[in-house]
Amino acid sequence: MRVLISGAGVAGLTLAYWLAHYGMEPVVIERAEHLRDDGFVIDFFGAGYKVAERMSLLHDLEAIHCPVLELIFLDGSGRRRITIPYENMRMLLDDRHFSFMRGDLVQLLARKTDSPVRFSTSIMALEQDKERVNVTLTDGSEETFDLVVGADGVHSNVRRLVFGPEERFSRPLGYTIVAFVVEHLDVRSDVFYTLTAPGRRIGVFPLLDGRIAVFFFYRSLQPPTQATIMDELQISFGSLGWLVPDLLELAGKEERLYVDALTQIIMPQWSQGRVVLLGDACHCVSPAGSQGASLAMVGAYILARELGSQHDRLTAFRSYEKQLKPGITRRQQVGQKAARFFFAPENTFFIALQGLNLRLMNWPLAAPLLRRNFAWQDEFAL
Ligand SMILES: Cc1cc2nc3c(=O)[nH]c(=O)nc-3n(C[C@H](O)[C@H](O)[C@H](O)COP(=O)(O)OP(=O)(O)OC[C@H]3O[C@@H](n4cnc5c(N)ncnc54)[C@H](O)[C@@H]3O)c2cc1C
């Protein structure tokens, strides 16, 4: 079975690996000229960890893991509010947790799969009948596939072509995220710093090669544009202390800012005929929901497994959606609240509550309670 996968991200590359494992022929296309390495450090845990284990990836993940000793939470002027030893957090996840750059995971997955990626290529048009899907690609070629998978992220092209415009399925959460990497910053190399002020948050994470990953996260009712982003950052963060003036200056010089509105994707159905969506394309939980990469790997694993074991693709698509959707929906609900109450608490009262929650991590008696919040890994039948 020949399967076209649009998107060489976490979902697309994991799917390519597992489809080949089940004897199918995946063909991966990617719109960008190369694997994309922009973005921030992601927390990787939960059910995706199990999928990575089944791909024998844990050693490689250990190698790209950026270890820190402490998570330090600062207030808007840079005063220390809370310190959490990293071990306390990792223990809550039974030591099954990594922090690494999204791009490093994508590189790893690309090396793991034998399917070459066709870069600078996207789907221009597709037509399907009962037997196959005819696809016209932007490189001018026309090809026929048994199935097409849209693994092309939150702004999916396949979704637009087959299911309709993005606005129909996107739920903006009212926040913007801006991420970039700087060569140097005067901070400790073993600490993940988080600065919180009402409706705003900054993260500063040291990477393995000495560079520093930075994100700005802030309340914004309009979607950001590259033209206005620096003005928006100045308005939202310009009054804050600590290293914030330096960070704003560095952001202004940066040519490769990752900028996106925090959005969830909610769809009544993830497949239509011979076309199916995967990962952020059909169920983006957003960074506030956390675990986008982990869930993308779970989805890819389940979709491939169902296609490899069911007699017909309709049953496989239905079963894939049925196994994933309830857990994803719960995560999206958590994400909607987390943005306002935890990620960037909107007022000082919520910031105090956030502080209380964080302090629980340093209190051993609270561990069983907190563990329940992290018990996502058992949610999917893998
Ligand atoms: C550059 C980038 C940076 C990110 N940074 C963060 C971050 O800092 N924190 C966080 O929590 N999440 C981040 N994310 C989102 C996170 O990667 C996803 O939530 C998660 O990995 C799910 O992955 P996915 O494969 O479904 O989608 P994505 O990781 O978005 O991958 C989709 C892939 O499809 C490609 N693509 C898009 N359009 C087309 C097209 N028309 N044709 C072919 N290919 C196409 C994209 O270039 C990308 O390679 C980022 C995503 C991207 C693309």
Side-chain angles (χ1 to χ4, degrees), residues 8-10 30-43 64 66 68 72 74 76-78 99-107 119-120 153-155 172-197 199-263 280 284 286-288 292-293 339 343-344:
V10 177
E30 165 62 47
R31 183 178 56 183
E33 287 169 13
H34 48 74
L35 294 174
R36 296 187 59 185
D37 61 358
D38 37 351
F40 190 69
V41 175
I42 52 176
D43 282 316
I64 60 169
C66 305
V68 290
I72 295 185
L74 308 169
S77 61
S99 302
F100 45 65
M101 286 294 281
R102 171 199 172 275
D104 288 346
L105 174 62
V106 169
Q107 291 282 353
F119 290 104
S120 307
V154 61
H155 307 296
L173 296 182
Y175 291 85
T176 294
I177 183 162
V178 177
F180 58 104
V181 175
V182 299
E183 292 300 322
H184 176 75
L185 200 63
D186 195 10
V187 287
R188 270 173 60 189
S189 61
D190 56 0
V191 169
F192 173 23
Y193 295 90
T194 302
L195 179 147
T196 312
R200 291 156 287 172
R201 178 179 187 147
I202 294 175
V204 169
F205 203 117
L207 302 179
L208 285 174
D209 59 5
R211 296 181 307 154
I212 312 277
V214 179
F215 76 75
F216 290 98
F217 182 91
Y218 62 99
R219 186 106 179 98
S220 64
L221 297 176
Q222 297 301 323
T225 67
Q226 289 287 350
T228 58
I229 193 69
M230 279 317 299
D231 289 342
E232 284 197 23
L233 288 180
Q234 276 296 348
I235 292 167
S236 297
F237 295 93
S239 63
L240 300 179
W242 193 51
L243 298 173
V244 181
D246 297 349
L247 292 174
L248 287 171
E249 198 185 324
L250 289 164
K253 290 184 192 151
E254 179 57 51
E255 281 170 14
R256 295 192 329 142
L257 287 182
Y258 170 74
V259 180
D260 211 350
L262 221 67
T263 304
D280 279 5
C284 181
S286 87
F343 243 72

Side chains of His155 and Cys284: closer than 4.5 Å at any heavy-atom pair?
no
Roughly how far apart are Leu243 CG and Leu248 CG, rounded to 0.5 Å?
11.0 Å
Contact between Ile177 and Phe216 at the side-chain level, heavy atoms closer than 4.5 Å - yes or no?
no
Separation of Asp190 CG from Cys66 SG (nearest 0.5 Å)
13.0 Å
Test side chain to side chain contact (heavy atoms under 4.5 Å, CB included) on Leu35 and Phe119; report intermediate values, then the result.
CA-CA 8 Å; Leu35 294 174; Phe119 290 104; 3.9 Å; yes
Check: Tyr218 and Phe237 side chains under 4.5 Å, non-hydrogen atoms
yes
Looking at side-chain heavy atoms only, is the closest gap between Val181 and Val214 below 4.5 Å?
no
Measure the CD1-CE distance between Ile235 and Met230 for me, rounded to the nearest 0.5 Å.
11.0 Å
The reported gap from CG in Asp104 to CD1 in Ile64 (rounded to nearest 0.5 angstrom) is 5.0 Å
Closest non-hydrogen atoms of Phe180 and Leu247, given as atom of the first, atom of the second and distance, are CZ-O, 3.9 Å
CZ on Arg36 to OH on Tyr258, rounded to 0.5 Å
7.5 Å
Check this for me: does any side-chain nitrogen of one of Arg256 and Asp37 sit under 4.0 Å from a carboxylate oxygen of the other?
yes
Non-neighbouring partners of Thr176 that pass side chain to side chain donor-acceptor pair (under 3.5 Å), sequence neighbours left out
Ser220
Of all pairs that satisfy salt bridge (charged side-chain N to carboxylate O under 4.0 Å, His left out), the ones with a partner from residues 228-249, not counting sequence neighbours:
Glu249-Lys253
For Ile42 and Leu105, work out which heavy atoms get closest and say how close.
CD1-CD2, 4.5 Å
Can you give me the closest heavy-atom contact between Val106 and Ala8, atom names plus distance?
CG1-O, 3.7 Å
Taking only residues two or more places apart in sequence or in another chain, which ones pass ring pair (Phe, Tyr, Trp, His ring centres under 6.0 Å) with Phe215?
Phe40
More than 12 non-hydrogen atoms from neighbouring residues, nucleotides or ligands closer than 6.0 Å to CG on Asp186, yes or no?
no
Check Val10 against Ala293 and note the closest heavy-atom contact, atom names and distance.
CG1-O, 3.6 Å
Mind checking what makes side chain to side chain donor-acceptor pair (under 3.5 Å) contact with Arg219, not counting sequence neighbours?
none
Quick one: closest heavy-atom pair of Val41 and Ser99, and the distance?
CG1-CB, 3.8 Å
Sequence neighbours excluded, the answer for side chain to side chain donor-acceptor pair (under 3.5 Å) partners of Ser120 is none
Are any non-hydrogen side-chain atoms of Thr194 and Ile72 less than 4.5 angstrom apart?
no
Minimum heavy-atom distance Val187-Tyr193, with the two atoms named:
CB-CE1, 3.6 Å
I want to check something: taking the side chain as every heavy atom from C-beta on, are Ile212 and Glu183 in contact at a cut-off of under 4.5 Å?
no
What pairs with Tyr175 under ring pair (Phe, Tyr, Trp, His ring centres under 6.0 Å), at least two apart in sequence or on another chain?
Phe217
When you look at Leu195 and Leu240, which way does the side chain to side chain contact (heavy atoms under 4.5 Å, CB included) test go after all the steps?
CA-CA 10 Å; Leu195 179 147; Leu240 300 179; 3.8 Å; yes
Could you measure the distance from the OG atom of Ser189 to the CZ atom of Arg211? Nearest 0.5 Å is fine.
15.0 Å
Check whether any side-chain heavy atom of Met101 lies under 4.5 Å from a side-chain heavy atom of Leu207, and answer yes or no.
yes
Any non-hydrogen side-chain atom of Leu185 less than 4.5 Å from a side-chain atom of Leu250?
yes
